Amino acid sequence: MPERALPAQEPRHRHAFAPLPPLREGSAGAGGDAGRHARQEDEDRLWQPDPLLRAGPLSPGHRRAHGAEGGQRGRRAGRGPGSLHRGVLAADRRRPGVAMDDENRLIAQRKQKIQAIRDAGLNPYANDFPVSLEDMRRVGELDPETLSGEADLPEGAREFRVGGRVMALARFGKAAFALVRQQGHEVQLFLKRDLLGEGFKAFKKIERGDFVAAVGPAFVTRQGKVAVRAREFRILTMAVRSLPEKWHGLKDPELRYRQRHVDLVATDGVAEVFRTRARVVAHLRRYLDERGFVEVETPMMHQVVGGAAARPFLTHHNALDLDLKLRIAPELYLKRLVVGGLERVYEIGRCFRNEGLSRMHNPEFTMLEFYMGYATYTDLMALTEDLISGLVTDLQGEPRLTYQGQQVDLSTPWPRLTVVEATKAGLSLAAQEQGFAAPTDDDLRSGESLGAYVARQRLTEREEALAQLWKACAGWGERLAALFETFGEERLPADRPVFVVDYPSAVSPLSRRKDDNPELVDRFELFVVGREIANAFSELNDPEDQRRRFRAQLEARDRGAEETMDYDEDYCRALEVGMPPTAGEGIGVDRLTMLLCDQPSIRDVILFPLLRPEGAQQPGKQEARR
RNA sequence: GGGCCCAUAGCUCAGCCUGGUAGAGCACCGGACUUUUAAUCCGUUGGCCGAAGGUUCAAAUCCUUCUGGGCUCACCA
């Protein structure tokens, strides 16, 4: 079935995306320092594709480290220091772009060191000493078991040009070890005074956090580790501000999010999360590209909000004197493209919803939406299984993951439950926990019977969340959806992904009704560990029914529903041009990344999550007026 | 927005209940040490205890307000 529905396209298609040929030597050096580039061997070209850079599975140990870290943060919640007004790390956030008054002893000492380097005739911000990432990797791949010891190194042994940020320093009087890191690769340098001579004086000024480079052969230390014995040593860049403590790293969540650059350097595993996120996005893109989907970019500034139920951000275009809203979803534009003949189309991009923040919600978030002509929501379930289990296998080496201690088996096919089944199961579990009567099939049959059941069991008194929803609910579909959200979602099986199918048409204004039951639509949502990861349906392409659904949204708004869709007549007109039978799906990229990186908060997978501005105007310490 | 909790050295944290001169580890600075793995040893330096107000002879500590943050509930993916 998947094979029929989702054929990978012919090679012809892939050729259209073949990588550009490498730049030629002359072009890159034009107008610049030709000697700088001439020094490197061809294989070391900075811009060349790297045959060694393969996307392998994450090591299990690495993932465990993430989990432990997340747990520790959880336990420490609320205990971290919050003041941000005096620290080395905090100070320049208070006055970005303004002369600092946060000189402290550490910074003054660093500046003195930088001056001392200048006084010695050296450049503390040098860029004339190339280092080879290729060499970094090669040193990293050397096996201490087979590498000959120091005494065995022949004269003229292979030398490596390595360098990066100093992450650890162990100094002795006349020798030292420095662990340097570049692009995730770490190499240990061994520096001896009698080998370096004058260069050792420069080394004396180095601290953790500075960038250095060295050239020399590799050897095995007495501790059995590979290191590069520096024959030549250079300072590349000196840092003015010191890094957080190496052992504890940066714990204060606010500092971590506000100064992600420091977090990335200092907190173990953070850089890896964002490298993995990039691989997730690349995988999604590659998967869709290979199957003939066209990537597009549709407007983010909308005049009519649609495609989801959410409140938008408002903005304004001056020249047109036009009020605009940041998009809450690209859906209606993408389907216009299906009408236009881009029958496999997708967009990966930011959406904006003007709502509260939580561990699961950031006001701007990244969504993949794709539409597939001549397909149904059933086809998309198969595609989703294939896509996500393949992604997990690519990253983990097997279709299995652990999220916050919960093991999830992603081997396909995944179980499917109807909304009615999931609601009944959830209510039955809740009934056992809380001592009320489980619903019968008759209770779930109509809006009236649901209302009677909820009243009889006093469910709105038990669940404040339901009470909120219930007020704006009318009819079977809305009431069932409210009960599913309150009682069903969080009680779904957690050890497997679950497709919840057959949503009520009343809560699915853009979905196609089921042929055998117009109260239901051809729609599913994918839940993993009780979290909604994807939402998909066969698209409604009957323009008259679409108009009725939009009108129903307006009626719901009048009843007090806060988040409803605008009536989009232009979209209905597009449907009148004719949209082929189509299925579409949205996948929350941030939430998917949370699962794959075992991160507890959406803020841990967004580089710069929205934070309140630092508006603390302190009386007596007012900033200069401008 | 509601509830609970938090803010002390560059970083990670004690001290607060029970008010009486501000502490530790790491980092930094000085010294010793030519194979370290959170190196070790010796000696220094470093704080408007988030801000403002109050109680008190005396406040990091008790009270109030403010600012920022975390968790959680509600809406949404």
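In what follows, every heavy atom counts, from backbone to side chain, and hydrogens, waters and symmetry copies are set aside. Please read these numbers as outputs of a predicted model, since none were measured by experiment. Reminder, nothing fancy here: chain letters follow the sequence lines and each chain counts from 1.
Across B:A59 and B:G43, the matching P atoms stand 35 Å from one another, rounded to whole Å. Atom name C1', nucleotides B:A14 and B:U55: the rounded distance is 27 Å, in whole Å. Atom C1' of B:G23 sits at a distance of 26 Å from the matching atom of B:C63, rounded to the whole Å. With P as the reference atom, B:U18 and B:G54 are 24 Å apart, rounded to whole Å. Going from the P atom of B:G2 to that of B:A60 covers 31 Å, rounded to whole Å. Distance noted for atom C1' between B:G19 and B:U61: 6 Å (whole Å). Nucleotides B:C49 and B:U8 have their P atoms positioned 11 Å apart, rounded to a whole Å. For the C1' atom pair drawn from B:G10 and B:A27, the interatomic distance equals 7 Å after rounding to whole Å.
Side-chain polar atoms of A:Glu585 and A:Asn535 form no donor-acceptor pair below 3.5 angstrom.
Using N1 to N3 plus N6-O4 or O6-N4 for Watson-Crick, or N1-O2 and O6-N3 for G-U wobble, each under 3.5 Å, B:C33 pairs with nothing. Summarising the base pairing, B:C62 is matched to B:G54 through a Watson-Crick or G-U wobble pair whose two defining distances lie under 3.5 Å. Under the Watson-Crick and G-U wobble criteria, each requiring two contacts below 3.5 Å, nucleotide B:G1 is paired to B:C73. Base pairing annotation: B:A7 forms a Watson-Crick or G-U wobble pair with B:U67, both donor-acceptor distances under 3.5 Å.
Toward the 5′ end of RNA chain B lies the nearest nucleotide of A:Lys205, the other residue of the pair A:Lys205 and A:Val226 mapping further downstream.
Only one option out of A:Asp604, A:Leu607, A:Leu264, A:Val605 pairs with A:Val273 in a side-chain contact (heavy atoms from CB on, under 4.5 Å); it is A:Val605.
Counting only heavy atoms from C-beta on, A:Glu245 has its side chain closest to B:C11 among B:U37, B:C11, B:U35. The side chain of A:Phe172 lies closest to B:C33 when the candidates are B:U37, B:C33, B:A27. The side chain of A:Arg222 sits closest to B:U35 out of B:U36, B:A27, B:U35. Comparing atom distances between the A:Leu611 side chain and each of B:U12, B:U35, B:G70 picks out B:G70 as nearest. For A:Lys174, taking side-chain heavy atoms from C-beta onward, the closest of the listed nucleotides B:U12, B:U35, B:U34 is B:U34. The side chain of A:Ser358 sits closest to B:C75 out of B:U35, B:C75, B:U45. Residue A:Phe177 has its side chain nearest to B:U35 when only B:C11, B:U35, B:U37 are considered. In this structure, the nucleotide among B:A39, B:C71, B:G68 sitting nearest to the side chain of A:Glu254 is B:G68. The A:Thr221 side chain lies nearest to B:U37 when the options are B:G68, B:U34, B:U37. Taking only side-chain atoms of A:Ala465, from C-beta outward, the nucleotide of B:U34, B:C75, B:A27 with the closest atom is B:C75.
A:His248 has its NE2 atom 9 Å from the C1' atom of B:C11, to the nearest Å. Taking atom CD of A:Gln112 as the reference point, atom C1' of B:C29 lies 10 Å away to the nearest angstrom. As rounded to whole Å, 5 Å separates atom P of B:A27 from atom NZ of A:Lys246. Put simply, CG on A:Leu357 is 13 Å from C1' on B:G70, counting in whole angstrom units. Separating the NZ atom of A:Lys204 from the P atom of B:G30 is a distance of 9 Å, rounded to the nearest angstrom. We find that NZ of A:Lys251 is positioned 18 Å from P of B:G10, with the value rounded to whole Å. Taking atom CZ of A:Phe200 as the reference point, atom P of B:C33 lies 12 Å away to the nearest angstrom. Taking atom CD1 on A:Ile206 and atom C1' on B:C29, their separation rounds to 16 Å, with Å as the unit.
Evaluation of atom-type donor-acceptor distances gives no pair under 3.5 Å for the side chain of A:Asp252 against the base of B:U12. Judged by distance alone with a 3.5 Å cut-off, a donor-acceptor contact links the side chain of A:Arg105 to the base of B:U45.
Using a 4.0 Å heavy-atom cutoff across all strands shown, A:Arg193 reaches no nucleic acid atom at all. Using a 4.0 Å heavy-atom cutoff across all strands shown, A:Glu525 reaches no nucleic acid atom at all. Within 4.0 Å of A:Ala308, counting heavy atoms only, lies no atom of the nucleic acid at all. Across all strands, A:Gly586 comes closer than 4.0 Å to no nucleic acid atom at all (heavy-atom distances). If you check every strand for non-hydrogen atoms under 4.0 Å, A:Glu355 touches a base. Counting non-hydrogen atoms under 4.0 angstrom, A:Gly173 reaches a base of the nucleic acid. The residue A:Asn354 sits apart from the nucleic acid: no heavy atom pair falls under 4.0 Å. Residue-level contact check: A:Asp194 touches the bases, meaning some heavy atom is under 4.0 Å from a base atom. Here A:Arg208 lies out of heavy-atom contact (under 4.0 Å) with every strand. Residue contacts for A:Glu485: at a heavy-atom cut-off of 4.0 Å it reaches the sugar-phosphate backbone alone, with no base atom in range. Residue contacts shown for A:Ile328 are absent, as no nucleic acid heavy atom lies under 4.0 Å away.
The aromatic rings of A:Phe203 and A:Phe233 sit perpendicular, their planes meeting at an angle over 60°, well past the 30° parallel limit. Using bins of under 30°, 30° to 60° and over 60° for the plane-to-plane angle, the ring pair A:Phe190/A:Phe177 lands in the tilted bin.
Residues A:Arg327 and A:Arg350 come closest through the heavy atom pair NE-O, 2.8 Å.
Here A:Lys335 pairs with A:Glu539 in a salt bridge; the nearest charged N to carboxylate O distance falls below 4.0 Å. Ion pairing between A:Lys205 and A:Asp210 fails under the 4.0 Å rule for side-chain N and carboxylate O.
A:Glu347 contributes no side-chain N or O that, together with a main-chain N or O of A:Leu368, makes up a donor-acceptor pair within less than 3.5 Å.
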Requested in this report: Begin with the C-alpha distance, continue with both residues' side-chain angles, and end with the deciding distance and a verdict on ring-ring contact (aromatic ring centres under 6.0 Å, His included) for A:Phe537 and A:Tyr377.
Outcome: CA-CA 5 Å; A:Phe537 39 84; A:Tyr377 81 123; 9.5 Å; no
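For A:Arg359 and B:U72, the shortest distance from a side-chain N or O to OP1 or OP2 is below 4.0 Å. Distances shorter than 4.0 Å separate some side-chain N or O of A:Arg612 from OP1 or OP2 on B:G69.
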